[in-house]
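To start, the structure itself, in structure tokens.
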Amino acid sequence: MMISGGGGKSSWSSSTSSWIPTTSVSASGKRIQREMVELNNDPPPDCSAGPKGDNLYHWIATIIGTPGTPYQGGIFFLDIKFPSDYPFKPPQVIFKTRIYHCNVDPDGLVSMGILKDGWSPALTITKVLSEVRSIFTNPDHYNAVVPGIAHLYSGDRAKHDGIAAEWTVRFAK
């Protein structure tokens with residue numbers, strides 16, 4: 001630890017020979033760091049994510065729209081916010097890119113089982129990104145946060161897909 005002395009000089013404490021950081025990383029921070037390494041080593045297809053600046057608890061993610069869906073070719077940006085008691089509580093996932101989807105509310109908040117009651121500390125951010133990407137091909141229209149989009153998906157899939165594709169072109173390309 002560096003200790004400031006008089007006259008503008010500095011001296012190092014000699015209690016140990018190794019440098020000791022002035023801040024310690026919490027258990028949740030260590031878990032997030034491990035998951036970041038895992039994600040970098042084996043990312044889900046068409047997904048990337050990492051900390052925003054030096055804030056380990058706030059990440060930015062990118063998901064490329066799945067081929068064969070109305071989201072195809074879109075580049076979707078998301079915020080991921082980890083709670084201080086992660087992994088015992090799920091992260092919050094928010095689309096920053098507008099998307100026409102029954103599981104994403106008008107503010108971009110993703111509503112999925114694993115981000116609510118289905119959360120388990122055994123889940124990782126890699127699994128979360130994979131599940132978010134999977135809603136491009138398999139929306140959960142039975143547990144929608146935007147019922148109108150879910151009804152259109154169930155009742156007139158072609159019209160739903162057309163609108164979703166228009167939004168993708170307009171907001172994600």
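Quick caveat: nothing in here was measured; it's all calculated off a predicted structure.
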Hey, can you pull the donor-acceptor pairs under 3.5 Å for the side chains in residues 155-163, sequence neighbours left out?
| from | atom 1 | to | atom 2 | distance (Å) |
| --- | --- | --- | --- | --- |
| Asp156 | OD1 | Lys159 | N | 3.2 |
| Arg157 | NE | Asp161 | OD1 | 3.4 |
| Arg157 | NE | Asp161 | OD2 | 3.4 |
| Arg157 | NH1 | Tyr153 | OH | 3.2 |

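- A pairwise comparison of heavy atoms in Pro91 and Ile125 identifies CG-CD1, 4.2 Å as the closest pair.
- At a threshold of 4.5 Å between non-hydrogen side-chain atoms, the residues Ile135 and Tyr71 do not count as touching.
- Panel note: side chain Ser154, backbone His151; no donor-acceptor pair is recorded below 3.5 Å.
- Among residues at least two apart or in separate chains, there is no salt bridge (charged side-chain N to carboxylate O under 4.0 Å, His left out) pair with a member in residues 50-76.
- With respect to Glu35 and Arg31, a salt bridge is recorded, a charged nitrogen being found less than 4.0 Å from a carboxylate O.
- Under the salt bridge (charged side-chain N to carboxylate O under 4.0 Å, His left out) criterion, the residue pairs touching residues 77-96 are Asp79-Lys96, with sequence neighbours excluded.
- Between Phe95 and Phe77, a ring centre-to-centre spacing not shorter than 6.0 Å is recorded.
- Scanning for ring pair (Phe, Tyr, Trp, His ring centres under 6.0 Å) contacts around Phe171 gives Trp167, with sequence neighbours left out.
- Across all non-hydrogen atoms, the minimal contact from Ala164 to Pro70 is CB-CB, 3.6 Å.
- Taking every heavy atom of both residues into account, Thr126 and Pro44 meet most closely at O-CG, 3.6 Å.
- Among pairs with a residue in residues 44-63, those fulfilling ring pair (Phe, Tyr, Trp, His ring centres under 6.0 Å) read Trp59-Phe82, at least two apart in sequence or across chains.
- Of the possible polar contacts, one joining the Gln72 side chain to the Gly68 backbone as a donor-acceptor pair under 3.5 Å is found.
- Gln92 and Leu109 make their closest contact through CG-CD1, 3.4 Å (heavy atoms, listed as atom of the first residue, atom of the second, distance).
- Note on residues 100-127: pairs passing salt bridge (charged side-chain N to carboxylate O under 4.0 Å, His left out), not counting sequence neighbours, are Lys127-Glu131.
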